[in-house]
Every structure is written in C-alpha cells, then in structure tokens.
Amino acid sequence: MGTDKQAIKERTERTEWFLQDRFGMFIHWGLYAIPARGEWVRSSEELSVEDYQPYFDEFDPTLYDPKAWAKAAKQAGMKYAVLTAKHHDGFCLFDSKLTDYKATNTKAGRDLVAEFLEAFRAEGLKVGLYYSLIDWHHEDYPAYGDRIHPMRHNEQYKRDPETFDRYLTYMHGQVRELLTNYGKLDIMWFDFSYEEMRSEKWKATELIAMMRSLQPHIIIDNRLEGSGEHGGSIYTSEPTVYAGDFASPEQIIPPGGVTDTSGNPIPWEACITLNNNWGYTAADRQYKSATTIIRKLVECVSKNGNLLLNVGPDAKGVIPKESLDILAEVGEWIALNGESIYGCQASALAKPDWGRYTSRDGKLYAHVFEESIGPVALVGLAGKVKRARLLADGSELIVNTPWSAREFKEDAFVSFARPEHFTHPLPDKRDTVIELELI
Ligand code: GLC
C-alpha cells in the first residue's frame, strides 16, 4: 500500500505540466498515407509485406516541413505534440539501427522523427512519440491466428511462439534508441494491448525500469496494459508499475471524467480525430467543426482531462487544409480565451444548462454555448459574484437580477446586453467565456 501511495505521488508530480497544458496535437503519419485508406489498411485489407512494399519504395514526402506543422500546432494553442515513430505496420520514421524498415532507407532518406522533434521544440512545445507495441512487419510477431494481424488467416504465417522473445528484444531495443538518441522526450505513447498481448507479455516491468532509468521524468500512457477499450490498473488505487501515468480514452470523452475505483481523479487525455481517421484518408471529408472542437476541449478540461487532437498528414507530408483551417479557428478562440483552459480544472458546481464551467486559482469560467432568454443564470451563485468580465475583451458584464427573475433567489444573473433587454445574443457563438470572481 505504502509503495502505491508513493507511486501515485510520483505520477502526480510527473504529470503536473501535462495537466496544465491540456491541449496537444497527435500526428499519425507513415507509409499508409499513400494508399490513404487509414493506418489499418494492411490489416483491414489483409495485405502481405510484399503487397505493402510498393508504398515503401514510393515514399517520398517532398513537402515535409515539420516547422510548418509546429507553427500550426502552436498557433492552435496546442502545448505538446505526439508523432507516430512507428505504427502497427512496423515502418519507422526514425533511423533505428535495428531494422532496415525505416524512413532513412526510403526516398525520404532522412530521420523524420529527429526533424519533428527539433521543429516542435523550437516552437517551445513539449514532445512525445507514439510507439506501436504491435508490429505487423516483424517476423517474430504472432501472425496467423492473431486477432488483427494482416496475415491472421494465412497458415503460412504460423509462427513459433518461442521466437517472440526476439521481437521483445527488438521492441525494447527500439524504445532504448528513442530514449537515448533524441534528447529529452516528454511523453511516450504506447499502443496497444489486447487479449494476452499485454503487461508482462511485453516484459513491461523490465521495459519501464529501463525507461525510467534513461528518462525518469517521461510520462507514459496506460497502453502497456490497456487500449481504448480497457484502461488497465491505472483505474484502481493499486496500479502496477507499468499502469502508466495517464489514461487514454479514445474517440470518447468519458461521461464523468476519469477517476479510479476509489473515486480519486486520475490524469487522462482523450485522443480524438478531426475526421473519422487517424492516418490520412483521402475520401474522408467528415470533419468536425471548430465550434465542436472548442466545446470538446472545454468539456475535457471541465472534467479534469486533456485533449489530444489528431491530424493525418498526406503522402507528401502536408496536413490537410481542412484540418489546418479548423486548427486556425480554434487558435483564434484560444488566443482570447486560453486563460479558461490552461491550468484549469473541473469546478465543484454542477454542469449548467447553457454550457460548462472550468476553474483556476479562485476564478470561475462560465463557458456559454447556448443563448438564453434574458440574462445567463448562474445557479446557486446569488450574492457570490464579485465581478464578471467577458474574458475575450475584459469588458464588464452586469450582474443584476431582472424583475422577471426575482423569484430565483438562489441564483445570480449575468447580462451580455443591457439588463432591461430580453435578447442577449452571444458575443461568440462558439463559446462565450465569462470570467467570474467569486466572493
Ligand atoms: C488505436 C488504433 C490506432 C491509433 C490509436 C490512437 O488503438 O489502433 O490506429 O493509432 O488508436 O489512439
């Protein structure tokens, strides 16, 4: 028990910056940008290594400009970024000495991870790498009979379970390379565990010990045990040493935030796509609106969580214009309202009808998504509001109970218009933030 407490204390210290920063960029990029049918294309279409080889031979991202990516992230208000150093297809964007299946051996001819790290650090962003535990290229990874391997139905790919250890040596070796050759990394984002492929199957205790000895501060997700489907023991008050530093709900914002089984909040980050895919998918034009992203970021923060928002650059290395446009608009909102996001957390108040609350250092931020009839009702705050300001421009908002609200004695009322008016159009239809100072 004592050691658990100590472990949780250390986790809290390590994740402090992470919970301040709140908003990050996820980048899924690799050979799969060429077929452009998602990063699972090898598995979903059951492609062999040979079927997939043309994409390796062709890979030539002539427009790769990580400085432009970093600028877009920074301008969007993102504070950190996580790039797929290796995805499930096994292709490495970094110059691993342990494989030939890497960017340096393609027409790209260089270490794309090193360039990413340099560019993002130069913009002052924290940096992380995604590393797939699963590897569909490595010949010692279970293939035939595995649930998701591209060759799951092909008996010629029956593998000797004895050789799996060689894969572990490779995988641990690559993690060591990443943590040794690329300077300080802030996040390691493993993906993912399933069925018996979890925990000590990955020699997770040994792996974590090695990682902590190389970069003690690094924060690690929960997928050495879990996945988007299962959180693992981070959700309990007795996490294992490889339970991870934060939970990683995927394509969902947990209804009640994330707490462990005793009700204590645990660090979490929702990873969400901008359209319906992680990897570049040419035909997928179903993008979320900037308004949705702003409100979902607010929702994460209002539940003590982070948002890791994905982009999938194309085969040339360009982030789709649709994504860049959304990021720019989110950034425009954040530039004026970031104080209600960074370093903020849940408030003790119940979720209001019109939106959500975030809070920080005695300040309460009312995020108003929905226009009201008359002034905005702050339930339960009668006599408690010292000052109300429109966060975006610092202008005074009148706290005043109009004649029509006299019966609601417990509640305070804030107007965007003159209090005698009944129409109160929202100054920002995406999310109008009221900064409240309470008595
Ligand atoms: C998944 C998928 C994957 C994606 C990841 C992001 O588990 O396998 O393609 O990288 O989620 O969270």
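In listed order, ligands and their atoms are each counted from 1.
At least one donor-acceptor pair closer than 3.5 Å links the side chain of Lys288 to the backbone N or O of Asn275.
Within the structure, side-chain hydrogen bond (donor to acceptor under 3.5 Å, both in side chains) contacts touching residues 28-43 (residues at least two apart or in different chains) are His28-Asn310, Arg37-Glu45, Ser43-Arg152.
Using cut-offs of 30° and 60° on the angle between ring planes, the pair Trp69 and Tyr64 is perpendicular.
Closer than 4.0 angstrom to ligand 1 by heavy atom are Phe26, His28, Glu39, Trp40, His87, His88, Tyr130, Trp189, Asp191, Phe192, Arg223, Glu250, Cys271, Trp278, sorted by chain and number.
Note on Lys97 versus Asp95: salt bridge recorded, some NZ/NE/NH1/NH2 to OD/OE distance being below 4.0 Å. In this structure, Lys363 does not pair ionically with Glu437, as no charged nitrogen and carboxylate oxygen lie closer than 4.0 Å.
In this structure, the ring of Phe192 has its center no less than 6.0 angstrom from the ring center of Phe190.
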